Amino acid sequence: MKKIIAFLFAASVLHSCNTASPEKTFDVAALNCNLIYGFADGVMEQQLASPSIKLVDEKTQATAPMTRKEVIDQKIQIIEENYEKVKDLAVNDENKAMIDASKALYEFVLPVYKNEYTDLAKLYDGKAPSDQIETMQKNIAEKYGSQFGQLYQAVLTTGKVYAEKNGIQVREVNPSPR
């Protein structure tokens, strides 16, 4: 009997450690999806056309533009890390729709970044003709833009409902990517 009680106690402790506050759950499942805003549209195109700079020498503070591959790899790393955080959230009746919507969004964009956007980065870094780059960007937007908009909207909608139920103040800046 003592073993059963000890097991139940340990299980409840482990479960409570995995249970995030409503605010934390909202931040991880909904708010972090804003980092993918701009997928399959002009925002991502701008990030690739004019990549950020990176520090290449700490002593001299010399900088250089990131390669497009580095831009995409960094985006993939952020997406994978955030997706893992979403998968680690404890699901309950109240947050299930929001978490499921968030997972669906991450599962949709991740392969596109790993494939099409990585290929696009190679075109940029390889100094491909601009018409070839534009064609690939247009293909990505046409193939994935609409579904991304639907999935992103689902996160917004379920996130708003969850936030309202839990008294979380939400200010909507960009109501929809489309």
Side-chain angles (χ1 to χ4, degrees), residues 23-89 98-160 163 170-178:
E23 291 84 4
K24 177 72 173 175
T25 300
F26 176 79
D27 289 351
V28 170
L31 199 57
N32 280 353
C33 288
N34 288 328
L35 296 172
I36 334 174
Y37 185 83
F39 174 87
D41 73 6
V43 175
M44 193 64 224
E45 291 172 15
Q46 288 175 328
Q47 290 176 358
L48 290 174
S50 301
S52 299
I53 60 170
K54 63 182 176 182
L55 185 64
V56 291
D57 186 347
E58 220 172 290
K59 273 187 178 177
T60 65
Q61 297 295 303
T63 60
M66 293 175 72
T67 66
R68 278 46 171 227
K69 175 93 168 73
E70 289 171 324
V71 171
I72 296 301
D73 287 347
Q74 183 180 56
K75 195 78 160 176
I76 290 169
Q77 180 183 356
I78 291 166
I79 291 168
E80 287 177 334
E81 288 170 1
N82 288 338
Y83 180 44
E84 287 303 315
K85 290 175 186 175
V86 172
K87 291 191 305 186
D88 288 343
L89 290 171
M98 179 181 63
I99 291 173
D100 287 349
S102 183
K103 286 178 183 176
L105 182 63
Y106 283 109
E107 290 164 1
F108 178 74
V109 300
L110 197 51
V112 180
Y113 276 109
K114 287 183 175 182
N115 296 303
E116 284 90 335
Y117 272 121
T118 297
D119 291 344
L120 181 59
K122 289 176 187 174
L123 290 178
Y124 268 107
D125 291 338
K127 309 241 187 289
S130 61
D131 62 324
Q132 191 177 0
I133 291 170
E134 289 171 18
T135 298
M136 185 156 207
Q137 288 172 329
K138 183 180 175 186
N139 289 342
I140 292 170
E142 288 175 357
K143 187 173 181 180
Y144 301 107
S146 178
Q147 188 173 357
F148 171 78
Q150 292 169 6
L151 292 168
Y152 189 85
Q153 188 61 48
V155 173
L156 289 179
T157 302
T158 57
K160 281 189 229 175
V170 177
R171 192 182 97 216
E172 192 171 319
V173 177
N174 292 317
S176 174
R178 304 277 164 240

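All values below were derived from every heavy atom in this structure, side-chain atoms included, with hydrogens, water molecules and symmetry-related copies excluded. Model, not experiment: these values are computed from the prediction. The first residue in the sequence is number 1, and the count goes up from there.
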List the residues meeting side-chain contact (heavy atoms from CB on, under 4.5 Å) with Ala30, not counting sequence neighbours, and say none if there are none.
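Here the qualifying residues are Phe26, Met98, Val155.
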### Task
Name all residues meeting the side-chain contact (heavy atoms from CB on, under 4.5 Å) criterion together with Lys122; count only those two or more places apart in sequence or in a different chain, and write none if there are none.
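Testing Lys122 for side-chain contact (heavy atoms from CB on, under 4.5 Å), a comparison that skips the adjacent residues, returns Thr118, Asp119.
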(request) Answer yes or no: is there a donor N or O on one side and an acceptor on the other, between the side chain of Tyr117 and the main chain of Asp73, under 3.5 Å? (result)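 Checked: no pair found.
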N/O donor-acceptor pair under 3.5 Å between Arg68 side chain and Ala49 backbone: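 Indeed, once roles are kept as given, a pair shorter than 3.5 Å links the two residues.
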* To do: Sort out for me which residue in Ile72, Ile140, Leu120 forms a side chain to side chain contact (heavy atoms under 4.5 Å, CB included) with Met44.
  =>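 Only match with Met44 under side chain to side chain contact (heavy atoms under 4.5 Å, CB included): Ile72.
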request  = Mind running side chain to side chain donor-acceptor pair (under 3.5 Å) on Gln74 and Glu70 for me, showing each step along the way?
outcome  = CA-CA 6 Å; Gln74 183 180 56; Glu70 289 171 324; over 6 Å; no
| query | Do Phe148 and Tyr144 have their ring centres less than 6.0 Å from each other? | reply |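 Phe148 vs Tyr144: aromatic centres not under 6.0 Å.
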Side-chain polar contacts of residues 126-137 - donor-acceptor pairs under 3.5 angstrom, sequence neighbours left out - could you list them?
from   : atom 1 : to     : atom 2 : distance (Å)
Thr135 : OG1    : Asp131 : O      : 2.8
Gln137 : NE2    : Tyr124 : OH     : 2.8

Is the closest side-chain heavy-atom distance between [X] and [Y] below 4.5 Å?
| X | Y | result |
| --- | --- | --- |
| Val28 | Asn82 | no |
| Ile78 | Lys75 | no |
| Glu81 | Gln77 | yes |
| Tyr83 | Ser102 | no |
| Val112 | Glu116 | yes |
| Tyr152 | Ile36 | no |

Atom NZ of Lys54: over 12 foreign heavy atoms under 6.0 Å
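Yes, because the 6.0 Å sphere around NZ of Lys54 holds more than 12 heavy atoms from other groups.
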Should we count CD of Glu58 as having more than 12 external heavy atoms under 6.0 Å?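 No.
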- Message: Less than 4.0 angstrom from a charged side-chain N to a carboxylate O is my criterion; do Glu107 and Lys87 meet it?
- Response: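 Salt bridge between Glu107 and Lys87, a charged N being under 4.0 Å from a carboxylate O: no.
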Nearest heavy atoms of Ala163 and Val170, plus distance in Å: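 Scanning both residues completely, I find the closest heavy atoms to be CB-CG2, 3.4 Å.
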Check: Which pair of non-hydrogen atoms, one from Val86 and one from Lys103, has the smallest distance, and what is that distance?
Finding: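 Closest approach of Val86 to Lys103, heavy atoms only: CG1-CG, 3.7 Å.
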Rounded distance [0.5 Å steps], CG in Asn34 versus CG in Asp27: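 Spacing of CG (Asn34) from CG (Asp27) equals 10.5 Å.
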